[in-house]
Amino acid sequence: MTDDEPDVGRRLERAILELLERRAPDATICPSDAARAAYEGDDDGWRALMEPVRDAARRLVAAGEVEITQAGRPVDPAEAHGPIRIRRAR
């Protein structure tokens, strides 16, 4: 997968939700987990998907599916700068 595929956003949203489904209800994932899960290569090309993953997480926040957290607390996606985690919406 490359970051210019038209359906990359949907694939990343699915990857986020599938990873969270496999974890405990209160568990979080790193955006890199979703990027690696969605990337089809064997190299570090998943790194190019990091910003698209953050975009996918923002869409899922807007849909009420997930929360973006920093330091264990939910944050407004527009205010999140630096490392984030993603968890199911509570």
Side-chain angles (χ1 to χ4, degrees):
M1 173 189 330
T2 62
D3 63 353
D4 59 348
E5 287 185 28
D7 65 344
V8 70
R10 287 186 299 261
R11 287 185 186 202
L12 292 168
E13 289 171 14
R14 268 196 312 273
I16 290 168
L17 295 173
E18 288 172 3
L19 287 167
L20 289 171
E21 275 297 313
R22 293 186 219 140
R23 301 232 165 81
D26 59 342
T28 64
I29 62 166
C30 179
S32 66
D33 297 331
R36 290 173 193 201
Y39 183 66
E40 296 172 348
D42 291 333
D43 56 13
D44 66 352
W46 59 268
R47 293 179 187 279
L49 297 175
M50 289 300 292
E51 193 56 35
V53 168
R54 291 172 73 100
D55 292 339
R58 289 182 195 106
R59 287 190 301 276
L60 291 170
V61 167
E65 297 279 338
V66 303
E67 294 176 331
I68 291 175
T69 66
Q70 290 186 305
R73 292 184 301 276
V75 295
D76 179 340
E79 303 292 320
H81 299 285
I84 63 168
R85 303 286 295 180
I86 306 165
R87 70 178 180 201
R88 287 184 189 97
R90 296 184 174 170

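These values consider heavy atoms only, across backbone and side chains, with no hydrogens, waters or symmetry-generated copies.
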- Task: Apply side-chain contact (heavy atoms from CB on, under 4.5 Å) to V8 and L49, showing your working.
- Result: CA-CA 9 Å; V8 70; L49 297 175; 3.9 Å; yes

- Note on the structure: d(L60 CG, I86 CD1) to nearest 0.5 Å is 8.0 Å

- Message: How close do H81 and A78 get, counting heavy atoms only, and between which atoms?
- Response: NE2-O, 4.2 Å

- Item | Beyond-backbone contact of E65 with I16, side-chain heavy atoms, under 4.5 angstrom | no

- Message: Under a 3.5 Å threshold, yes or no: a donor from one side chain and an acceptor from the other, between R85 and T28?
- Response: yes

- May I ask you to check whether over 12 heavy atoms, not counting those of R90, lie within 6.0 Å of atom CZ? yes

- Answer yes when E51 and R58 have at least one side-chain N-carboxylate O distance shorter than 4.0 Å, and no when they do not. yes

- Query: So which heavy atom on A38 is nearest to which on A15, and how close?
  - Reply: CB-CB, 4.4 Å

- Task: Mind listing the closest non-hydrogen atom pair of A35 and M50 along with its distance?
- Result: CB-SD, 4.0 Å

- Under 3.5 Å donor-acceptor, R88 side chain and A24 backbone: yes

- Task: Quick one: pull up CG in L17 and CD1 in I29 and give me the separation to the nearest 0.5 Å.
- Result: 8.5 Å

- CD1 of I68 to CD of E79: how many Å apart, nearest 0.5 Å? 11.5 Å

- Should L12 and R59 count as side-chain neighbours, where that means a heavy-atom distance under 4.5 Å? no

- Atom CG of L20 and atom CZ of R87: how far apart are they, to the nearest 0.5 Å? 11.0 Å

- Is any side-chain N of the basic residue among R11 and E40 closer than 4.0 Å to the acidic one's carboxylate O? yes

- Item | Contacts of type side-chain contact (heavy atoms from CB on, under 4.5 Å), residue R36, not counting sequence neighbours | S32, W46

- Shortest non-hydrogen separation from V66 to A57 and the atoms involved: CG2-O, 3.8 Å

- Message: If you define the side chain from C-beta out and look only at heavy atoms, does anything of P77 sit under 4.5 Å from R54?
- Response: no

- Task: Compare every heavy atom of I84 with every heavy atom of Q70, then report the nearest pair and how far apart it is.
- Result: NE2-CG2, 3.7 Å

